[in-house]
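Following: one structure in structure tokens, then a few remarks.
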Amino acid sequence: MPQIAQLAETWSSQVFWLLVFFGVTFFVIGKGMVPKVMDTVAQRDGQIAADLAAAKAARDAADEQEEAWRVKENENRAAAQAIVAKAKDDAAAKSATKLKAAQTRLDKKLAEAEARIAEARTAALTEVEAVAVEAAQDIVKTLAGVKVTKPVATKAVKEQMAHG
Amino acid sequence: MAAEQAKVDPMYQFTIQPLGGSEGWELAGYNIAFTNSAMWMLITTVALFAFMIGGMRRELVPGRWQMMVESFTGFIDNMLEANIGKAGRKYVPYVFSLFMFILFANLLGLLPLGVFGVHPFTFTSHFTVTGVLAIISFSIVLLVGFYKHGLHFFSLFVPEGTPLPMIPILAPIEFISFMVRPFSLGLRLFVAMMAGHVLLEVLSSFVIDGTNAGATFGLVVGLPAFLLMIGICALELLVAGIQAYVFALLTSLYINDAENLH
């Protein structure tokens, strides 16, 4: 086993060169390069974290703006609805007034017309009576040779007409 | 028959040889020959450096290579955070170096470079190497423990809620288990790497000897051994990763003891 057989002659060289090369490894690679490599990793992690945070902030801001927009939108909608409702009410009130006025006019016209009709009918009836009275005088004179006075005839006619 | 026998020595692969006439190099009286072991430490360091260069582009949107490097650092970072907590971050450079150094050493040692006449050397199969790494980890645990908690760090040997009469019995057991840590840490890696390489070498000697002994032996012994080798190679790749992970994980667990004394 050379490890033991050569121990006496080689141990110092082994230890010396190991210390030299492991020392170089430790100071150049371990102390010099590893921290830089880890620094790069940390930098990248930091960058990723910062990017993620920025993205989150941007999303939050967007959410906030959307929320504000929504509130405003709701306000606008409510205002618009209020205006529409007011216009509707106004229009309804106006048309109700107009309708009322028109109704009044119509009622008035109707009443006038009815009055005219009633007048006309009364006039017509009076005429018919007069005609009937004359006719009745004439008929009686012709048939019975009796001269009937106008008041009597009128009375009879009225009686007959009331009977229908 | 003896002449035909292949000279496969499963242990030869662990032999350390000085390279380029450096066997005489000395530092303060100690021999510091630049051996094949040191060569593979150099190769491991360079390969790891080359691997890490790909992760240094520092792009915000990483490429594949950068992604790979970052997943390794992230892996160690997560492991330390899971085991130690926020305080574990400052140990990332050390545990990362440890994990990657062992991982690359294990994997490079498995490269089938023998095909090209170069023999990879797995220096993690030497307990001198794994022992030093274990001692470094253990020293960090001791330093952190005594620096953060002072002498109170000795309460590590008394598990929480131990009844008073049990302390004299439990404390020595805890102390022994604590002191065994660097040995188990170093030996585990050394044994796992050596065992795998020895097994591969033994199986390859079966293939060579079996085939040399004739077609029948070649089919009965050589072929199954060869198929087994392929499987063992895959297993060794897994072990290379697992042992590096275990070393780093246990180091982080031990540091946790020192960092967050119960």
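As a basis for the values below, the full set of heavy atoms in this structure was taken, side chains included, without hydrogen atoms, waters or symmetry mates.
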B:Ser137 side chain to B:Tyr94 side chain, donor-acceptor N/O pair below 3.5 angstrom: yes
Residue B:Pro62 versus chain A: region with a heavy atom under 4.5 Å: both
Electrostatic pair A:Asp39-A:Arg44, nearest N-O below 4.0 angstrom: no
Contact winner vs chain A - B:His126, B:Arg89, B:Gln66, heavy-atom pairs under 4.5 Å: B:His126
Stepwise side-chain contact (heavy atoms from CB on, under 4.5 Å) check, A:Arg70 with A:Glu66: CA-CA 6 Å; A:Arg70 185 160 297 155; A:Glu66 198 193 336; 2.7 Å; yes
Part of B:Met100 lying under 4.5 Å from any heavy atom of chain A: neither
Residue selection (most heavy-atom pairs with chain B, distance under 4.5 Å) from A:Leu19, A:Ile29, A:Val28: A:Ile29
B:Ser37 side, atom OG; A:Leu18 side, atom CG - distance, nearest 0.5 Å: 8.0 Å
Interatomic distance, B:Leu103 atom CG to B:Ile242 atom CD1 [nearest 0.5 angstrom]: 11.5 Å
Per-residue contact mode, A:Gln47 against chain B (heavy atom under 4.5 angstrom): side chain
Nearest-0.5 Å distance that lies between atom CD in B:Gln243 and atom CD1 in B:Ile102: 9.0 Å
Portion of B:Phe49 that has a non-hydrogen atom of chain A nearer than 4.5 angstrom: both
Chain A contact via B:Phe190 - side chain, backbone, both or neither, heavy atoms under 4.5 Å: side chain
Under 4.5 Å from any heavy atom of chain B - which part of A:Thr10: side chain
Value rounded to 0.5 Å, distance of CZ in A:Phe16 from CE in B:Met41: 11.0 Å
Winner by heavy-atom pair count (cut-off under 4.5 Å) against chain A, out of B:Val69, B:Asp77, B:Leu133, B:Thr44: B:Leu133
Side chain, backbone, both or neither of B:Gln13 within contact of chain A (heavy atoms, under 4.5 Å): neither
Under 3.5 Å donor-acceptor, A:Gln3 side chain and B:Phe14 backbone: no
B:Asn31/A:Ser13 under side chain to side chain donor-acceptor pair (under 3.5 Å): CA gap, chis, key distance, verdict: CA-CA 6 Å; B:Asn31 178 279; A:Ser13 121; 4.8 Å; no
Top of A:Trp11, A:Phe27, A:Phe26 for chain B proximity - count of heavy-atom pairs under 4.5 angstrom: A:Phe26
Structural part of B:Ile76 lying under 4.5 Å from a heavy atom of chain A: neither
Engaged part of B:Tyr30 at the chain A interface, taking heavy atoms whose separation is under 4.5 Å: both
Most contacts with chain A, counted as non-hydrogen pairs under 4.5 angstrom, among B:Phe123, B:Phe101, B:Phe96: B:Phe101
CE (B:Met56) with more than 12 external heavy atoms under 6.0 Å: yes
When B:Ile16, B:Val132, B:Thr35, B:Thr45 are compared by non-hydrogen pairs under 4.5 Å with chain A, the top option: B:Ile16
